[in-house]
Asks: 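Have a look at this one.
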Amino acid sequence: MKRTWFKGSLAVAVAMASGQIMANGLAVNEQSVSGMGTSFAGRSSSAQDASTVFGNPAGMSRLQRAEISGGVAAIWPETDIEASPDNAAPGTNKGNIAPDAQVPFAYYVRPLDEKWHFGLGLYVPFGVISDYEKSFQGRDHGLYSKVQVTTLQPTLSYRINDRVSVGFGPTINKIDGKLTSNPTTSLGLPDSYVRIKGDDIAYGFNLGVLVDVTERLTWGLSYRSKVDYELEGHISYSDFPQGFGYEGRHDGTVDITMPESVDTSITYRANDKWTLYAGSTWTRWSRLKELEVVHEGPQPNPLEPLNWENSWAHAVGVSYQVAPAVVLRSGFAMDASPTSNAHRTVRIPVSNRKIYSLGLGWNIDPDWTLDVAYAYVDESKGRVEQAGNFPTAEYNAQYENSAHGLGVQLTHRF
């Protein structure tokens with residue numbers, strides 16, 4: 001495996017970037033379109049289809065037949081940048097740093113007997129892309145960033161009794177990333193070029209419990225473990241002026257820990273028409289304090305401070321059974337940013353966000369279900385205040401992010 005790493009672009013070999021996906025930080029929420037319709041309220045308690053492999057593996061015990069569920073969510077992000085007139089480096093601030101993106105997923109669940117279910121999930125828990133224009137004023141600190149984590153999760157669930165089920169699945173996680181930057185623009189010199197590319201495979205797990213508290217009320221709890229990555233590769237420098245000491249390629253390693261999270265929710269079936277959902281997710285973003293590249297070159301080990309903090313997301317949702325085969329959904333979520341004005345970077349310019357969603361589920365026949373959902377992300381304005389550190393220049397700007405999302409999911413039972 002070939003990997004390259006450099007200080008100026010180190011800003012998180014996994015968290016790069018735009019934060020334009022529907023979850024905050026570097027997380028991705030789009031693992032289920034049926035859940036997207038309620039802003040993922042009730043994710044760990046609803047068990048609507050095979051996507052419960054991700055939402056809560058215990059929910060597989062509620063599925064009566066074998067089924068396959070798959071789909072994709074398309075994201076159209078927008079970013080407005082208002083740069084400070086005091087920035088020293090030349091350049092532009094066009095915004096719209098994240099290209100349109102698609103997030104696919106697929107699941108399979110099969111009953112083994114009255115107690116046991118087997119499931120398999122393929123999804124993207126983390127991933128983001130940012131692509132600034134080549135003349136971007138802050139390209140000292142970051143220019144292009146792409147990171148994706150793809151997870152394969154084999155899973156088992158066990159029904160303890162008529163009210164309680166548990167589930168567990170190990171996760172096999174592959175991370176791929178690429179970063180670039182031009183760290184000498186502030187000096188009026190030809191742009192030096194830094195390229196970062198890497199991948200690694202690491203392991204974790206997902207577990208959950210699902211309880212029918214009453215005939216109408218269900219409570220769920222799921223836990224996704226941290227995942228420790230160790231990327232081995234190279235630090236590469238090119239086109240730096242002579243005398244800077246930044247040339248050539250050197251072996252290096254960087255350790256990254258993707259944080260654990262806990263999701264708890266309730267589903268309340270008020271009557272034959274109305275169902276209410278509410279849930280909260282806690283993520284331990286404080287694991288991302290800093291990243292250090294340990295390498296064999298003559299320069300000091302590059303160190304990138306992050307100082308992220310743990311955060312909560314809260315969501316409420318409702319569904320209405322319009323007809324026996326058609327259900328309408330709606331949801332609202334508030335998702336706190338793990339970073340702040342003091343620590344926000346051009347690679348991760350995320351702020352507190354609100355998410356509004358609408359969805360529809362259609363049982364085409366007893367064997368097929370189609371789900372569609374729309375979501376809008378409205379993010380608070382946030383400042384980026386990155387200090388200069390020779391040869392990079394100070395960069396200050398105000399970011400305002402938003403995004404539209406549309407998802408489609410098809411489920412087949414057999």
Side-chain angles (χ1 to χ4, degrees), residues 22-23 29-64 67 69 107 109 117 157-167 206-224 261-283 312-336 354-363 369 371-375 407 409 411:
M22 298 300 171
N29 255 344
E30 289 71 24
Q31 295 88 18
S32 168
V33 173
S34 55
M36 183 178 174
T38 58
S39 293
F40 302 99
R43 175 162 46 192
S44 60
S45 57
S46 55
Q48 300 179 82
D49 49 53
S51 65
T52 191
V53 169
F54 173 85
N56 184 348
M60 297 192 308
S61 64
R62 306 303 167 92
L63 305 182
Q64 301 301 314
E67 63 179 67
S69 188
Y107 305 94
V109 173
H117 280 60
S157 72
Y158 179 71
R159 179 185 288 273
I160 297 175
N161 54 44
D162 290 341
R163 291 186 177 271
V164 181
S165 300
V166 295
N206 184 2
L207 58 84
V209 58
L210 190 64
V211 180
D212 285 330
V213 181
T214 68
E215 291 183 357
R216 295 186 179 274
L217 180 65
T218 300
W219 169 75
L221 178 72
S222 63
Y223 173 84
R224 279 171 281 278
S261 64
V262 179
D263 185 283
T264 184
S265 68
I266 58 172
T267 297
Y268 179 67
R269 292 164 291 279
N271 52 46
D272 292 340
K273 296 288 188 180
W274 292 95
T275 301
L276 308 178
Y277 309 90
S280 297
T281 302
W282 174 84
T283 305
W312 283 91
H314 307 286
V316 293
V318 61
S319 67
Y320 178 69
Q321 198 74 39
V322 179
V326 179
V327 60
L328 297 180
R329 305 182 179 105
S330 182
F332 171 73
M334 300 181 66
D335 198 350
K354 298 176 182 177
I355 304 170
Y356 308 85
S357 64
L358 296 171
L360 180 146
W362 175 32
N363 290 326
T369 297
D371 291 287
V372 295
Y374 165 80
Q409 175 181 325
T411 299

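Only heavy atoms go into these numbers, but all of them, side chains included; no hydrogens, no water, no symmetry mates. Note that the numbering runs from 1 along the sequence shown for the chain.
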Asks: Would you please test Arg62 and Asp212 for salt bridge (charged side-chain N to carboxylate O under 4.0 Å, His left out) and show each step?
Replies: CA-CA 11 Å; Arg62 306 303 167 92; Asp212 285 330; 3.0 Å; yes
Asks: For the pair Ser69 (side chain) and Ala50 (backbone), establish whether a donor and an acceptor sit closer than 3.5 Å, ignoring hydrogens and angles.
Replies: no
Asks: For Asn161, I'd like to know if atom CG has over 12 heavy atoms of other residues, nucleotides or ligands within 6.0 Å.
Replies: yes
Asks: Show your reasoning for whether salt bridge (charged side-chain N to carboxylate O under 4.0 Å, His left out) applies to Lys354 and Asp335.
Replies: CA-CA 6 Å; Lys354 298 176 182 177; Asp335 198 350; over 6 Å; no
Asks: Heavy-atom distance under 4.5 Å between the side chains of Ser34 and Arg329, does that happen here?
Replies: yes
Asks: Is there a donor-acceptor contact under 3.5 Å from the side chain of Ser330 to the main chain of Val318?
Replies: no
Asks: Is any side-chain heavy atom of Thr218 less than 4.5 Å from a side-chain heavy atom of Arg269?
Replies: yes
Asks: Taking Gln409 for the side chain and Val33 for the main chain, is one N or O donor matched with an acceptor at less than 3.5 Å?
Replies: yes
Asks: Kindly say whether Gly331 contributes a backbone atom to a donor-acceptor pair with the side chain of Ser39 at under 3.5 angstrom?
Replies: yes
Asks: Which heavy atom of Val209 sits nearest to which heavy atom of Asn56, and what is that distance?
Replies: O-ND2, 3.1 Å
Asks: Only one of Ser319, Ser45, Ser46 forms a side chain to side chain donor-acceptor pair (under 3.5 Å) with Tyr277, so which one is it?
Replies: Ser319
Asks: Can a donor-acceptor pair be found between the side chains of Thr369 and Thr411 at a distance below 3.5 Å?
Replies: no
Asks: Please say whether more than 12 non-hydrogen atoms of neighbouring residues, nucleotides or ligands are located less than 6.0 Å from CG in Asn271.
Replies: yes
Asks: Assess whether side chain to side chain contact (heavy atoms under 4.5 Å, CB included) is satisfied between Arg224 and Phe54, documenting all intermediate values.
Replies: CA-CA 9 Å; Arg224 279 171 281 278; Phe54 173 85; 3.8 Å; yes
